[in-house]
Amino acid sequence: MKVANLVGQRFKERPADCVIDSHALMVRGGFMKYVGNGIYSEFPALRRVTAKIENIIRKEMDAIDGQEVLFPVVLPASLWEESGRYESVGNELVRFKDRSGSNHVLGMTHEEAAVHLVREYAQSYTKYPFMIYQIQRKFRDEARPRAGMIRVREFTMKDAYSFHTSQEDLDKYYEVCFQAYNRIFQKAGVPEVITVQSDSGMMGGSVSHEYMLLTPVGEDSIVICDECGYRSNMEAAENQVINNAGTAEELECIETPDCKTIEDVCAFLESDVETSCKAVVYQKNSDDKFVVAFVRGDYEVNETKLRNIVGEEIHTAVITDEDCLTAGYIGPYNFPEEAEFYLDVSLKGIASLVAGANKEGYHYKGLNLERDLESASYVDIAKVKEGGICPCCQKPSLAIKRGIEVGNIFQLGTKYTKSMDMQYTDENGKNNYPVMGCYGIGVGRLAASICEAHHDEYGPVWPISIAPWEVQLCCLRADDEETKKTADSLYNSLQNDGIEVIYDDRSVRPGEMFSDADLIGAPIRVIASPRNLKESAVEITTRDKSVKELVPVEKAAEFIKDLRLKLFAEIDSHVENYK
RNA sequence: CGGCGUGUGGCUCAGUUUGGCAGAGCGCUGCGUUCGGGACGCAGAAGCCGCAGGUUCAAAUCCUGUCACGCCGACCA
């Protein structure tokens with residue numbers, strides 16, 4: 001391939017709407033083009049990257065006995081009605097009518113299609129276990145696409161579904177899949193991907209893991225223990241708090257004019273924020289009934305945790321003067337009967353608290369929840385803090401990091417086989433529901449994440465296993481006959497050896513040629529120029545600048561081949577070293 | 001869905017306050033000089049100023065409406 005013919009323009013200026021580097025570089029490098037909100041086309045350079053990622057995935061899926069299939073993008077609503085998700089899933093699911101007026105959906109995930117495909121085939125226990133997977137486009141009408149290809153509405157995903165005749169068999173295969181996923185991310189050149197335990201969300205099921213690529217621009221917060229290796233997402237991380245009891249005091253109602261925030265109250269009463277009780281107010285979506293979460297003043301509420309405990313959807317409350325609650329002065333003592341409240345574990349064991357009095361302009365001092373409330377029970381509804389206590393090893397060593405979710409694996413159980421009535425006959429002639437697992441990887445998101453994790457200010461630094469081309473050959477001064485001849489012949493010889501080369505023989509200035517090469521991001525760069533040729537050599541470098549050598553022209557091809565193998569070997573060593 | 005912001009050549013943006021010929025740099029086309037980190041000269045092409053209505057002799061600029069997009073939050077297998 002010649003740069004001169006490569007479809008997709010590279011340019012100098014950072015597009016205004018790009019917030020993260022990978023987005024800006026992939027647009028500037030001619031990898032992708034914006035089409036609409038959360039919708040992008042891939043230029044040839046990116047398509048080559050995603051195709052390589054797909055092939056890495058395909059190989060690993062095949063190696064664990066996966067069989068590739070292809071489900072439709074458009075599915076009849078009836079299939080989603082069977083599982084109940086036609087009703088239960090929100091607006092992310094695009095619903096539409098065809099010309100005859102019957103309801104359809106755009107596939108945003110394919111559990112229904114998977115069950116539909118195999119429920120006649122797999123009626124006998126002898127067919128189990130098996131796994132099917134596809135690599136295909138999905139559409140999810142996300143509320144807020146962002147960060148380029150990291151969070152889009154239409155995207156390519158590898159989704160896999162396994163079917164088993166017992167939980168034990170699923171457990172076994174889940175572990176196999178867990179390892180296959182680790183190999184995929186190692187081979188894609190991102191050893192920084194880690195696994196965390198997670199909450200399974202709308203997919204249902206119990207055990208699940210997310211594969212997170214750690215980066216400060218990630219959308220998800222991850223809790224990591226540096227001491228024992230505990231890893232979890234924020235919702236699944238138990239918050240443990242050990243309070244110094246302090247000395248109990250008498251309960252006192254004090255006038256606190258214009259003290260509506262915890263900071264105001266603590267400053268006014270000269271008390272510590274760690275002995276204050278903060279109220280965060282929500283309302284139930286169903287009937288607008290108030291739900292108040294009380295946490296220690298220095299903690300934040302985790303809404304997902306609270307939602308799970310309340311057991312229904314909630315939203316941030318709007319409090320007006322007519323309501324039973326007095327904004328700014330809400331406390332658990334003398335709490336109005338019309339609302340309900342939850343006490344967070346961070347309040348447990350404090351002998352003397354400052355809290356609102358449920359009366360305009362007043363707070364309580366010396367509140368002791370165990371003593372003053374009829375029954376005080378505590379729940380875990382606060383976000384874990386940096387330096388918090390690890391629920392696993394009990395050391396105060398929790399760190400909070402950001403990450404991008406590039407894959408996930410779930411144990412689905414019988415949620416879909418039951419709702420869609422997929423059964424098999426076991427060796428005793430008895431009918432049973434198969435147990436399912438499902439396994440996803442976002443291909444485009446992984447490509448963008450790799451760019452985010454591996455780039456410098458000039459462009460992506462692609463790992464060789466997924467780079468659009470392995471070698472970029474730059475011919476400075478293509479008008480110089482000798483130089484052009486040398487570069488041409490090297491290009492031909494490398495291509496004959498099966499090496500992927502992108503060849504730049506345009507008559508542009510060196511600066512532009514180097515900038516373009518940086519933006520394309522091929523791991524090996526070869527520079528032919530009159531200057532190098534004076535020493536009968538070409539310059540060979542790596543994109544990450546770890547290698548930079550003048551190599552005699554006649555030895556260049558051999559050197560490049562060796563370097564290429566060395567770079568691949570480095571990736572393989574990640575796979576082997578991974579435990 | 002809430003808050004904030006932005007729509008002017010392919011890209012980055014000025015011009016809007018105070019209404020008066022549609023602008024710059026990059027990119028693109030041609031010619032020439034250059035050539036190891038986005039050079040320079042000359043000559044060009046390219047815009048219904050998001051859309052619709054209104055005010056005005058005159059609207060990119062003022063008014064009303066609307067659409068789109070972005071950021072923060074909510075939400076999210």
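Residue numbers start from 1 in every chain, and the chains themselves are labelled A, B, ... in the order their sequence lines are given, proteins ahead of strands.
- Using cut-offs of 30° and 60° on the angle between ring planes, the pair A:Y211 and A:F178 is tilted.
- Remark: A:R95 qualifies as a cation-pi partner of A:Y86 under the 6.0 Å distance and 45° angle criteria applied to the six-membered ring.
- Taking the P atoms as reference points, B:G10 lies 8 Å from B:G47, given to the whole Å.
- A:Y299 carries A:K385 over the face of its six-membered ring, with the cationic atom under 6.0 Å from the centre and within 45° of the normal.
- Rounded to the nearest Å, the gap between the C1' atom of B:A59 and that of B:A22 is 13 Å.
- Pair assignment for B:A43: B:U29, on the basis of Watson-Crick or G-U wobble contacts that are both within less than 3.5 Å.
- One atom, CE of A:M108, and another, C1' of B:C75, lie 12 Å apart when rounded to the nearest Å.
- With a 3.5 Å ceiling on both atom-pair distances, B:U56 lacks any Watson-Crick or G-U wobble partner.
- Pairing for B:C4 goes to B:G70, judged as Watson-Crick or G-U wobble with the two contacts each under 3.5 Å.
- In this structure, A:D504 contributes its side chain and A:R506 its backbone to a donor-acceptor pair below 3.5 Å.
- Among the heavy atoms of the strands lying under 4.0 Å from A:F155 is at least one base atom, whether or not backbone atoms are also near.
- Nucleotides B:U16 and B:A74, compared at atom P, are 38 Å apart to the nearest Å.
- Comparing B:C28 with B:C67, their P atoms are spaced 38 Å from each other, to the whole Å.
- Note: CZ (A:R14) to C1' (B:C26) measures 17 Å, nearest angstrom.
- A:F71 and A:H110 have parallel rings, their planes meeting at less than 30° on a 0 to 90° scale where 60° marks the start of perpendicular.
- Straight-line distance from the CD atom of A:E13 to the P atom of B:G25: 13 Å, rounded to whole Å.
- In this structure, a donor-acceptor pair under 3.5 Å is present between the side chains of A:D488 and A:Y503.
- Separating the C1' atom of B:G5 from that of B:G9 is a span of 24 Å, rounded to the nearest Å.
- Remark: B:U17 base-pairs with no nucleotide in the shown strands. Criterion, Watson-Crick or G-U wobble with two distances under 3.5 Å.
- Here, B:C63 and B:U56 have their P atoms 16 Å apart, quoted to the whole Å.
- Listed for the A:K305 side chain is no donor-acceptor partner under 3.5 Å among the backbone atoms of A:E238.
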Can you give me the N/O atom pairs linking the protein to nucleotides 69-71 of chain B at distances under 3.5 Å, or say none if there are none?
{"from": "B:C69", "atom 1": "O3'", "to": "A:Y34", "atom 2": "OH", "distance (Å)": "3.4"}
{"from": "B:G70", "atom 1": "OP1", "to": "A:N37", "atom 2": "OD1", "distance (Å)": "3.3"}
{"from": "B:G70", "atom 1": "OP2", "to": "A:N37", "atom 2": "OD1", "distance (Å)": "3.1"}

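- Other residues, nucleotides and ligands contribute only 12 or fewer heavy atoms inside 6.0 Å of the CD atom of A:E87.
- Counted by atom type alone, A:Y416 and A:E82 present zero donor-acceptor pairs between their side chains at under 3.5 Å.
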**OP:** List the protein contact pattern of nucleotides 32-43 of chain B with one symbol per nucleotide (5' to 3'): B for base contact, S for sugar-phosphate-only contact, - for none; contact means a heavy-atom distance under 4.0 Å.
**Re:** --BBBBBB----
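- Every residue two or more places apart in sequence or in another chain that forms a ring-ring contact (aromatic ring centres under 6.0 Å, His included) with A:F341 is listed here: A:F294, A:F335.
- The C1' atoms of B:A45 and B:G27 are separated by 13 Å, rounded to the nearest whole Å.
- Nucleotides B:A24 and B:G32 have their C1' atoms positioned 25 Å apart, rounded to a whole Å.
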